[in-house]
Number of protein chains: 2
Amino acid sequence: MKFELTILGSGSAVPTSKRNSAAQVLNILERYFLIDCAEATQHQLRRFHIPYNKINHIFISHLHGDHYFGLMGLLSSLSMQNRRGEMHIYADERLQKIIEGQLQIMKTRFTYPLFFHYLSRKEERIYEDRSVTVTAFPLLHRKDAPVCGFLFQEKERERTVLKKEAEAWKVPIAFMQYLKKGADFISPEGEIVSNSRLTVSPPPARSYAYMTDTLFRERFADVVRGVDLLYHEATYGKELEAVAKENFHSTAEQAACIACLAGVKKLLLGHFSARYPDPTCLLAEARAIFPNTFICTDGDTFEIPALKRNT
Amino acid sequence: MKFELTILGSGSAVPTSKRNSAAQVLNILERYFLIDCAEATQHQLRRFHIPYNKINHIFISHLHGDHYFGLMGLLSSLSMQNRRGEMHIYADERLQKIIEGQLQIMKTRFTYPLFFHYLSRKEERIYEDRSVTVTAFPLLHRKDAPVCGFLFQEKERERTVLKKEAEAWKVPIAFMQYLKKGADFISPEGEIVSNSRLTVSPPPARSYAYMTDTLFRERFADVVRGVDLLYHEATYGKELEAVAKENFHSTAEQAACIACLAGVKKLLLGHFSARYPDPTCLLAEARAIFPNTFICTDGDTFEIPALKRNT
């Protein structure tokens with residue numbers, strides 16, 4: 001029942017000795033989703049003991065080097081380890097040219113099938129399985145590198161059957177699937193047993209949103225409304241708002257505004273400019289607007305626990 | 001008068017938590033030469049406090065990812081720091097396609113001029129300045145990636161004039177250049193003053209050779225004969241000699257054989273397979289043949305001091 005984010009890189013364009021550039025891994029029920037892949041992401045995956053051979057889906061927000069220069073190394077290492085399973089990459093279509101171009105020049109190929117899924121410039125569901133959906137949505141960065149945010153959502157699960165109650169009412173196995181969907185049970189004697197006596201609600205579905213690199217626009221709050229956890233870039237402090245604008249980035253205050261407007265539960269700040277070796281000032285700035293804010297450091301993990309809902 | 005090697009990566013194909021893949025920086029008289037550039041080399045340069053903006057020449061032995069995947073990141077970081085000075089890369093010609101292909105796809109360019117110098121498949125001088133020469137020479141690795149070793153040599157310097165002696169004999173300033181070249185001095189009185197009374201020999205020219213990745217061939221010793229310092233790959237121990245051969249690599253014993261045959265002064269081993277977290281066994285194997293052998297660890301520096309020669 002895990003829903004856990006590990007920060008692999010919390011710095012911005014140029015890595016520092018303390019903060020690598022952008023990468024994170026999100027473990028939802030033992031599915032490992034890699035989000036961005038700066039140079040040395042494979043090193044960070046090893047350092048923080050992430051079983052990176054379990055990563056099957058990689059989401060690249062945009063094609064600036066600090067978000068994808070580690071991809072070729074990671075994919076190659078997996079190939080050297082004789083990976084066979086499919087790998088899916090969700091990115092700007094030019095990334096396929098960059099990766100496959102290198103493979104062609106070197107007349108080589110990976111040991112596993114690699115699939116590219118292109119990000120469009122509109123909000124769309126780009127991944128779905130039995131338990132999870134991923135939605136990409138456009139943000140606003142430099143023209144050379146259109147950028148997407150990503151929203152990871154657990155699907156609502158079926159109701160949990162109370163075994164003892166179901167046994168007491170002798171509910172047939174074949175009827176269980178209807179119970180899970182909320183149906184009442186009618187006993188052989190014709191008595192109506194309300195579903196709420198036989199089941200409880202599932203834990204609430206959890207959600208995480210990733211927003212970097214981007215200018216501040218109020219409308220970006222719409223897509224991530226109410227998420228449990230929001231990671232938002234805070235490259236600069238408000239004293240450099242003009243610089244942030246010029247470089248198509250956000251300030252810590254602006255990140256907090258998005259969290260407020262969207263009514264998220266918890267905000268994480270990252271992508272700090274190297275000029276903030278200690279980003280405490282950025283944290284204070286954001287907390288003044290959105291108190292439940294935290295600073296990301298490489299290796300940090302943030303879990304969203306599965307809450308029980310006994311109704 | 002520095003001649004100092006810093007190991008940035010002492011591991012092989014897949015980086016481990018202790019050893020990054022191949023990269024080294026050689027500081028000869030404050031010229032910084034980068035040799036190979038695995039992923040995260042820019043991280044290692046920062047970690048070991050190398051002023052990497054001073055690197056103007058990069059030598060890539062061959063196009064396997066563990067020797068060049070860090071190049072794009074390093075070049076990009078230099079560009080983000082607004083570097084203006086020329087950068088020269090000595091490599092397989094396909095590297096130009098790989099780097100420039102990415103720049104074209106991204107419709108971007110660096111802030112500084114980038115020059116590619118192609119390595120041929122024969123021994124040749126690829127770099128020369130007032131004090132240093134670099135020679136590339138073919139080694140033998142997989143067919144997809146022809147590999148070169150590199151030999152860095154200081155040039156013989158001119159003789160050092162003994163000021164007091166020269167003053168005592170009233171040698172004119174204009175004659176100093178001839179003294180430095182070894183000429184005797186004839187005093188105004190017609191006395192022949194032997195050059196050896198007025199000068200001493202310069203410190204001996206120093207040399208370093210880099211050999212990875214390669215199969216063992218006795219003939220490879222010819223090029224590196226008598227060097228002060230030889231770095232040679234030792235991916236495997238002799239118990240895996242067949243595997244080494246199959247993978248076009250060398251054992252520690254074979255590295256020591258090259259050192260012996262070439263009569264080098266000191267041997268460094270590196271490029272260890274991840275199966276040797278502690279390569280002491282490889283060291284012992286090599287020392288049995290060539291005692292003055294040392295193991296490389298990331299961050300190690302090896303200096304060749306400038307010896308005075310008072311003759």
Side-chain angles (χ1 to χ4, degrees), chain A residues 9 11-21 37-49 52 62-66 68-81 92-110 142-145 247 274, chain B residues 9 11-21 37-49 52 62-66 68-81 92-110 142-145 247 274:
Chain A
S12 58
V14 175
T16 68
S17 55
K18 289 202 174 163
R19 296 182 186 278
N20 203 30
S21 300
C37 188
E39 183 178 355
T41 291
Q42 64 166 319
H43 299 64
Q44 298 288 74
L45 286 164
R46 273 184 212 104
R47 182 176 165 202
F48 302 126
H49 309 293
Y52 63 91
H62 66 298
L63 293 194
H64 281 158
D66 55 321
Y68 81 90
F69 276 170
L71 190 58
M72 195 66 194
L74 175 62
L75 297 177
S76 296
S77 287
L78 288 168
S79 187
M80 279 188 283
Q81 288 159 9
D92 182 322
E93 62 181 293
R94 292 174 295 177
L95 188 56
Q96 182 169 16
K97 284 188 193 165
I98 290 171
I99 299 293
E100 293 188 347
Q102 284 191 65
L103 294 175
Q104 279 163 16
I105 289 168
M106 293 308 300
K107 290 186 180 136
T108 188
R109 49 196 289 183
F110 295 133
R142 292 181 197 276
K143 269 190 186 166
D144 66 332
N247 293 330
Chain B
S12 58
V14 175
T16 69
S17 56
K18 289 202 175 164
R19 297 182 186 278
N20 202 30
S21 300
C37 188
E39 183 179 354
T41 291
Q42 63 166 321
H43 299 63
Q44 298 289 71
L45 286 164
R46 273 185 212 102
R47 181 176 166 205
F48 301 127
H49 309 291
Y52 63 92
H62 66 299
L63 293 194
H64 282 158
D66 56 321
Y68 82 91
F69 277 170
L71 190 58
M72 195 65 194
L74 176 61
L75 297 177
S76 297
S77 287
L78 288 169
S79 187
M80 279 189 281
Q81 289 158 9
D92 183 320
E93 62 182 294
R94 292 173 295 176
L95 188 55
Q96 181 170 17
K97 284 188 193 164
I98 290 171
I99 299 294
E100 293 188 348
Q102 283 192 65
L103 294 175
Q104 279 163 17
I105 290 168
M106 293 308 300
K107 292 189 180 131
T108 188
R109 51 197 288 183
F110 295 133
R142 290 181 197 277
K143 270 191 186 165
D144 66 332
N247 293 330

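Bear in mind that the values here come from a model prediction, so they are computed numbers and not experimental data. In the text below, chain A, chain B and the rest are named by the order of the sequence lines, each starting its count at 1.
Heavy-atom distances place no part of A/Phe48 under 4.5 Å from chain B, backbone and side chain included. Residue contact with chain B, scored on non-hydrogen atoms closer than 4.5 Å, involves the backbone of A/Thr41 exclusively.
B/Phe69 and A/Ser76 make their closest contact through CE1-OG, 3.2 Å (heavy atoms, listed as atom of the first residue, atom of the second, distance).
Contacts of B/Arg47 classified as side chain to side chain contact (heavy atoms under 4.5 Å, CB included), with partners at least two apart in sequence or in another chain: B/Gln44. By the side chain to side chain contact (heavy atoms under 4.5 Å, CB included) test, A/Ser21 pairs with A/Pro15, A/Ala38, A/Asp66, sequence neighbours left out. Checked against salt bridge (Lys or Arg N to Asp or Glu O under 4.0 Å), A/Arg46 has no partners two or more places apart in sequence or in another chain.
Distance check, rounded to the nearest 0.5 Å: CE of A/Met72 to CE of B/Met72 gives 13.0 Å. In this structure, the separation between CD on A/Glu39 and OG on B/Ser77 is 7.0 Å, given to the nearest 0.5 Å.
Within residues 100-110 of chain B, the residues that have a heavy atom under 4.5 Å from a heavy atom of chain A are B/Gln102, B/Ile105, B/Met106, listed by number.
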